[in-house]
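Here the structure is laid out as structure tokens; the discussion comes afterwards.
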Amino acid sequence: MDNKISESGDSIKVIVKDQHDVKMYFMMKKDVPVKKLLLDYCRRQRLVFREVNFLLNGSRFQPHLTPNELEMETGDEFEAMSPVLGGAGA
Amino acid sequence: MRIYSRKMKTVCNKNLDVFDFKPDDPPRNAIEKYTFLETGFCAASGKSISAEEINYVPSLDIDTINMNHMATTLVENPSVGMTAVTNHAFKVVKQRPLSSIELRTDLSESEVNAAATSASPSNNRLKSAMLDLLPSHYELDEAGGTGTDANGSMCDRSSSSSDVADDDAGPSSDNCIDDWEMDSEDTTTVVLYPDHVIYRGSYYTDCSISFTSGFVELEGSEVDGDERTLKCKWGIEDLLHITSHWYERVEMAMVKIHVLTKDTKHDKIVECASGTELKFAVIDSSWHERLEAIVSLNKTYKALWTSMLESEDTVVGHSGVSSSKYIPVFDRPFEEVVYPKGDADPVSLSKRDFDLLQPDTFVNDTIIDFYIKYLKNKIKPDESRKLHFFNSFFFRKLADPDKDPLDASKGGVAYQRVKKWTRKVNLFEKDYVFIPINYNYHWSLIVMCHLGEVATYEDEDVNESMNVPCVLHMDSLRGSHTGLQGLVQSYLKEEWKARQHEVSEDIASRFDNLRFISLELPQQQNMFDCGLFLLHYVELFLEQAPLHFNPFKISKSFNFLNEDWFPPAEASLKRVVIQKLICDLLENPNQEPSLSTADDDQRCHVSSLDTNAHKDTVVNLSLTHHQSSHDHKKTEIPSSSIQCADDDPNVTVKPSFSLKFNCATTFDECGSQDGSARDQETINNNHESLPEIQILGCDVSVEVVNGSRQLDSETDQPTLMDIMMPGSSFGFLDMQIDGSENASGLESDVQHATKKMRMTQPIVL
């Protein structure tokens with residue numbers, strides 16, 4: 001396992017939660033676009049990346065940015081949300 | 001889809017009965033049909049299977065159900081023999097268009113009024129879903145043909161319809177779509193197959209309505225009854241008038257026939273000037289041909305139908321014409337619009353989101369968040385610092401979709417779920433906090449005012465204090481989001497506790513009694529626009545809210561946060577406004593989009609076309625932009641999106657009004673109002689509105705049951721996507737259909753509507 005990332009200065013540990021708060025932990029380098037991680041998450045969860053809204057600590061963000069650019073730190077949470085629609089329900 | 005198998009089963013049983021009763025005739029028929037079937041299928045299999053043939057199969061199968069049903073009804077009536085059955089079957093097949101697939105699937109439980117609201121994208125999808133299902137039906141037919149299947153009799157029956165058609169139209173069975181004129185008998189009858197008919201306040205399903213030159217005949221079975229069948233026949237002289245409205249986007253026609261009803265016992269005309277109304281909706285892409293056919297049967301039809309035909313032209317136009325009228329004409333595909341550029345949390349819009357701005361469509365989180373972002377960016381930075389806008393997922397996260405979503409006792413857990421969301425923002429320093437609520441496929445808005453005042457505010461200050469901490473709930477379908485109060489209060493309490501280092505239990509408990517006011521605001525007139533109302537509430541609130549907001553100062557005279565706040569059509573027009581914003585963004589990605597420059601020139605001409613003496617009020621809206629880049633772009637919104645409810649024709653339609661997107665009311669005016677003498681009566685009025693929240697709260701249990709079911713299915717994204725595959729999600733659809741089976745009468749108007757919305761909902765995704 002040469003490419004194993006250790007928790008050090010250049011990498012962080014982040015959480016990706018689904019809508020039921022089921023967590024998945026990821027280690028990621030701080031200079032890699034987060035989209036890479038999210039695509040991996042989607043592959044594992046069998047989701048379609050385009051169909052999912054990801055939030056970072058509750059906010060929208062641009063997935064092509066890196067943790068450095070997003071000023072992320074260890075423990076930050078991504079949340080996968082399915083789109084919500086509404087017109088008239090209930 | 002399960003509805004099929006269920007129906008088939010019953011049909012099958014009934015058929016066995018039929019055979020028992022008539023031991024002589026049916027076997028002969030069956031054999032005859034059996035041979036026909038063989039030849040039919042041989043012919044079919046001999047040819048290379050073309051697309052038309054594949055298409056043909058479904059219409060066959062569907063006919064089977066209808067036809068069989070007819071067979072049972074007829075046999076129950078001893079005077080009619082089996083030959084009649086075959087004749088009927090014959091007609092059935094001949095006159096059904098291919099689109100009968102949609103007819104069966106899409107609107108099986110929908111209510112006529114709400115039928116207009118079917119989200120159009122679902123049509124195609126449903127159709128493809130249907131096509132996926134076909135093979136199984138096909139096999140079933142074959143099995144029946146060989147006579148080994150238990151359902152043999154039924155399948156024989158189904159084949160009878162096919163072979164008769166085949167026999168006449170030849171092996172290329174797609175002929176059955178349009179060559180009905182070839183047969184002399186068929187030219188005298190046009191049969192429509194609405195999924196259900198409303199007549200004298202009852203719902204009837206499995207209906208067929210036959211128009212002949214001399215009479216109109218209705219057959220159907222009652223929804224909630226003991227499978228009682230209805231057969232009515234009106235001579236052409238009994239018809240008072242017929243109106244039909246064609247909805248291009250959903251390929252559906254709504255038809256109302258006013259008939260004179262004769263009381264058969266006393267043989268005298270029931271005294272009712274307008275006659276009895278017969279309402280139904282037909283999904284049929286070739287509606288116009290059908291209409292022509294009916295009208296050509298007898299000149300009287302033309303006379304009865306003329307007015308609406310004309311108005312159709314002016315309002316929506318005939319098929320193929322109106323689709324180009326939507327604005328903006330924007331077909332250019334685009335990858336993504338990011339707004340605002342350079343922001344920490346920008347909204348990315350895709351073409352898919354953009355398409356949701358078409359009329360009669362639900363809007364999604366992206367549209368909501370985009371427009372709120374736009375509104376926020378319009379505000380000066382020092383003012384917007386006092387505001388906070390949650391995105392449209394906040395409430396979803398707060399209310400646990402898995403469990404009881406609105407359980408107030410779970411405030412602590414709810415807080416934990418969104419703890420990170422407020423890490424960088426202190427809600428208690430904000431003047432106003434906006435939360436878009438999405439729950440049960442409905443949007444509403446919560447505005448939390450002056451939360452920081454809770455600690456210092458005393459109840460005696462109601463009239464003295466300028467800032468009254470409170471939570472406002474703005475709902476364009478008032479009553480559909482009940483039970484939010486407890487959750488919001490307990491969440492705020494937890495949030496407060498987490499913020500303060502030294503928690504005073506006394507102050508924290510004040511949040512339990514935080515005022516929660518459900519406002520009476522302009523209501524949506526259709527089943528699509530709540531998201532636009534949410535945005536309009538936000539926009540006008542931001543423009544008009546005084547610096548020191550006190551909910552007890554809302555008065556009837558002052559046009560703010562009351563029922564006459566704005567004409568409902570104004571909110572519906574937001575679709576166009578947002579479309580234009582996005583278009584501008586696409587053209588000038590680096591420029592802040594703005595509508596305000598054209599404010600004075602933006603006029604909305606609303607002309608009310610009272611098409612008939614009926615209650616239908618059709619609003620034809622045309623919006624003209626005068627702007628340098630969009631010179632005189634004429635825009636039209638199809639009437640269906642703004643059509644007023646039948647019952648209150650005059651409620652919103654003003655002959656003409658000038659619409660300004662930035663309302664003239666300003667902070668200054670609000671301020672002066674602020675300073676004016678406080679109206680004690682108003683305060684009382686508002687107090688009176690408070691208990692109503694509790695009353696509405698009684699609905700909670702029902703709401704929640706529905707809600708959790710909804711949310712569950714909603715969250716299960718992959719499954720919903722699977723709906724296109726055969727066999728995966730029938731349970732979901734079935735649930736919806738089952739649920740509305742016992743619905744009847746007026747109450748089901750709403751139920752049917754929502755049921756259908758939910759049914760189409762996942763497919764819209």
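A note on names: the letters A, B, ... follow the listed sequences, proteins ahead of strands, and every chain is numbered from 1.
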Checking heavy atoms, do the side chain of [X], its backbone, both or neither come under 4.5 Å from chain A?
X	result
B/Val418	neither
B/Ser350	neither
B/Phe394	neither

Legend entry - A/Lys17 atom NZ: more than 12 heavy-atom contacts under 6.0 Å: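 Correct, the count exceeds 12.
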Legend entry - Interface moiety of A/Glu71 toward chain B, non-hydrogen atoms closer than 4.5 Å: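 Contact with chain B involves no heavy atom of A/Glu71 at all.
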Legend entry - Under 3.5 Å: donor-acceptor pair, side chain of B/Asn391, backbone of A/Gly58: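 Looks like yes, one N/O pair under 3.5 Å.
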Inset, instruction - Let me know which of B/Asp369, B/Asp343, B/Asp345 forms a side chain to side chain donor-acceptor pair (under 3.5 Å) with A/Arg60. - result: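 Answer after filtering B/Asp369, B/Asp343, B/Asp345: B/Asp369.
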Is the shortest heavy-atom distance from the side chain of [X] to the side chain of [Y] under 4.5 Å?
X	Y	answer
B/Asp365	A/Asn53	yes
A/Val84	B/Trp443	yes
B/Arg396	A/Ser82	yes
A/Glu77	B/Trp421	no
A/Asp21	B/Gln416	no
B/Thr361	A/Leu85	no
B/Arg423	A/Asp76	yes
A/Glu79	B/Lys420	no

Legend entry - Euclidean distance, A/Asn57 CG relative to B/Lys424 NZ, rounded to 0.5 Å: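 These two atoms lie 6.5 Å from each other.
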Legend entry - Taking every non-hydrogen atom, the tightest pair across B/Cys530 and A/Gly86: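 The answer is SG-C, 3.7 Å.
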Legend entry - A/Glu51 and B/Arg352 ion-paired at < 4.0 Å: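 Yes, charged N to carboxylate O under 4.0 Å.
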